[in-house]
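Below: the structure, in structure tokens.
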Amino acid sequence: METLAILREALGYTFVQRAVIAGCFTALGCSFLGVFLVLKRFSLIGDGLAHVSFATVALALVLHAQPMLVSVPLVGLASMAILRLNEKSGLHGDAAIGLVASFGIALGVLIASTGGGFNVDLFSYLFGNILSVSEVEVWLTLGLSLLVIAAVSLCYHDLFAITFDEEYAQVTGVRVRAVNKMLIFLTSMVVVLGIKIVGTMLISSLVILPAISALQVARSFRSAIGVASLVSVASVLLGIMSSYLLDWPSGATIVMVNFLFFGVFLAAGRFRN
Amino acid sequence: MPEPLIRIRDLRVEYRGTPVLTVNRLEVEAGEYLGIVGPNGSGKTTFVKALLGLVGSSGEVLFDGKPFAEFLKTAHVGYLPQKMSFLDPRFPATAREIVLSGVYCCKRFPKRLTAADHKAADEVMVLLGITELAGRLVGRLSGGQQQRVLLARALVHPPKVLILDEPSSALDTPSRRILYDAVRALHAAKRIAVMVVSHDVVTIGKDVSKLLYLDREVVFHGTSEEFQKSPSMVEYLRSGQPLICHRR
């Protein structure tokens, strides 16, 4: 009862309300894309772009600019660079991601060390600080999440087609390259969304974990997206509440709740099969 | 003279600068049932992929007098790819979702399913005897069942031409017969053009109206009767080339 009273009190605080809204919408955006990314074996692209966002956040802090606003175009550009490196330079997919990711981290470290004076801020973006989400960031999160959800909903059939069988999709007139580009660009958007929620080091887990949890038990493609959405939102809510009660870092707690869900769903999937 | 359904002129496919397939002149008529045969590595799959724009090629390939991308705006090609290796056993889609994915070919943005699409999916699944598989995950089906689901996907939106690349590669003999019987029935009922790639002239020989024998170039193109007496085939066989590679 006491716990419930503490949680009720917590929900009365504006910063917790902002955290819940921003967290839930970020989780929804990530889970809508996650199933496609995991099945297309694009999971690591999210991880690579998250490393790039480390550099863009460092740059924003040097320029005293809003990190999300700086990161949206730059991480978007990095996503296109990964695609182009894959297509034009003959690099294998993983190598292109590794190249861009290590470049992002190195650039971030250089900016941080030469900029000076903001290392504490940068640390909060490495591992997230959902309880410090500002009103502007809530609105940005809402806008970007809704953009991702709308794009996935409107292009669901083309995304499904290229995820299941790219060759057949091409034969039926789907513009495979354009849809792939859109998928990677949307991934860069959810990476930016997750910067404040779980941090650049953990954002890929918000994309991957709900999706792979859902894949253990899903009975259809639509249900996979539905289950991933539920898992991700539940993880954010439980993570925020647990971190508030236990005074744990919120980003890491959200990821750990996601891991718990994955363990339960893995066992449930094995048991059912 | 009516425009052939597919017209090919000077088609050439190269791999790292080495020509792997050359087809100087070939036409496929509407309603034709063409068997594409030849030994391993003769370019059968490459030929099909070049027609569909899936591999780079030079030369001219026209469908109804139009480039393939233009043709796709008003018509549909049903395609059953050769290997099932792309199919992830953990892919979470049901057989019905896969079949329904075949109806989007001629839809415009935003693509939405209609009651007619669901009815078409039901009908094609009945036709191919896979109704009971509708709710099952496609990755958990047997090779033969997956093959029929993918054939249903190719047929759910009536195609103008159906291209099957080694459709019996994952099938046992009875399943193979069921599949070929279904294709023959469809060809007879709807007069769609069918192009089927096979190692096995014996299996498809009864169904096809014409045969195309490839060995990096066209060795023979004509009717089954002409095939048996063809001087070009006799010459080809004298040079020690295999005629049929039977499946084990």
Side-chain angles (χ1 to χ4, degrees), chain A residues 31 34-43 87 90 150-179 182 210-228 231 265-266 269-270 272-273, chain B residues 45 48-49 51-55 68-88 90-98 100-113 117 134-140 149-150 153-154 156-157 159 161 163 165:
Chain A
S31 54
V35 174
F36 295 105
L37 293 171
V38 167
L39 290 169
K40 277 189 73 64
R41 294 172 174 81
F42 278 0
S43 308
E87 288 171 1
V152 171
S153 305
L154 288 170
C155 302
Y156 170 81
H157 299 298
D158 286 349
L159 285 167
F160 176 85
I162 64 159
T163 306
F164 179 66
D165 182 356
E166 216 167 78
E167 230 175 43
Y168 189 82
Q170 190 176 329
V171 170
T172 54
V174 174
R175 293 165 63 204
V176 172
R177 281 191 67 199
V179 180
M182 183 191 75
I212 58 172
S213 298
L215 291 177
Q216 307 307 315
V217 294
R219 306 305 299 257
S220 69
F221 202 85
R222 283 181 188 276
S223 77
I225 295 177
V227 173
V231 167
F265 280 58
L266 181 69
R270 290 275 162 87
R272 199 182 63 192
N273 296 331
Chain B
T45 294
V48 164
K49 289 194 170 186
L51 293 187
L52 299 174
L54 296 173
V55 294
F68 186 57
E70 278 295 308
F71 173 79
L72 282 182
K73 288 179 183 167
T74 53
H76 166 51
V77 172
Y79 172 52
L80 184 63
Q82 180 184 19
K83 282 185 184 156
M84 314 290 288
S85 54
F86 70 85
L87 213 155
D88 180 351
R90 291 161 299 178
F91 200 87
T94 62
R96 188 181 176 80
E97 283 179 309
I98 299 300
L100 277 167
S101 71
V103 302
Y104 300 112
C105 49
C106 294
K107 287 186 185 288
R108 288 175 191 277
F109 179 85
K111 300 175 178 178
R112 289 287 171 260
L113 285 176
D117 296 328
R136 288 178 56 189
L137 293 178
V138 69
R140 304 226 175 122
V149 169
L150 295 184
R153 176 184 68 169
V156 66
H157 187 288
V161 55
I163 298 179
D165 192 356

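Chain identifiers are assigned alphabetically (A, B, ...) following the order of the sequence lines, protein sequences preceding nucleic acid strands; residue numbering begins at 1 within each chain.
Interatomic distance, A:Tyr168 OH to B:Ile98 CD1, rounded to the nearest 0.5 Å: 11.0 Å. Taking CG of B:Leu52 as the reference point, atom CD of A:Glu167 lies at 8.5 Å (rounded to 0.5 Å). In this structure, the separation between CZ on A:Phe164 and CG on B:Leu150 is 5.5 Å, given to the nearest 0.5 Å. Summarising the geometry, atom CG belonging to B:Asp88 is positioned 12.0 Å from atom NZ belonging to A:Lys40; distances are rounded to the nearest 0.5 Å.
Put simply, the side chain of A:Val171 reaches to within 4.5 Å of the side chain of B:Phe68, judged on heavy atoms. Between B:Pro110 and A:Tyr156, the closest side-chain pair of non-hydrogen atoms is not below 4.5 Å. Contact annotation: the side chain of A:Leu39 approaches that of B:Pro92 to within less than 4.5 Å [non-hydrogen atoms, C-beta and beyond].
Heavy atoms closer than 4.5 Å to chain B are found in the backbone of A:Arg219, but not in its side chain. Contacts between B:Ala69 and chain A at a heavy-atom distance below 4.5 Å are absent for every atom of the residue. If you measure heavy-atom distances from B:Lys49 to chain A, the contacts under 4.5 Å come from the side chain alone. Only the backbone of A:Ser153 comes within contact range of chain B, with heavy atoms under 4.5 Å apart. Within the 4.5 angstrom heavy-atom criterion, atoms from both the backbone and the side chain of A:Leu154 approach chain B. Of the two parts of B:Tyr79, the backbone and the side chain both hold a non-hydrogen atom closer than 4.5 Å to a non-hydrogen atom of chain A. For chain B, the nearby parts of A:Ala218 are the backbone and the side chain; heavy atoms of each come within less than 4.5 Å. Proximity to chain A (any heavy atom under 4.5 Å) is shown, for B:Arg96, by neither the backbone nor the side chain.
Summarising the local packing, CZ of A:Arg272 is surrounded by more than 12 heavy atoms from other residues, nucleotides or ligands at distances under 6.0 Å.
Between A:Phe160 and B:Phe91, the ring planes are perpendicular. Angles over 60° get that label, and only those under 30° would be called parallel.
Of the residues considered (B:Leu137, B:Leu54, B:Thr94), B:Leu54 shows the highest number of contacts with chain A, using heavy-atom pairs under 4.5 Å.
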message: Go through it in stages, so that I can follow the logic: the residues are B:His157 and A:Thr172, the test is side-chain contact (heavy atoms from CB on, under 4.5 Å), and I'd like the CA-CA distance, side-chain angles, deciding distance and then a yes or no.
response: CA-CA 11 Å; B:His157 187 288; A:Thr172 54; over 6 Å; no
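Considering all non-hydrogen atoms of both residues, A:Arg41 and B:Arg90 come closest at NH2-NH2, 4.3 Å.
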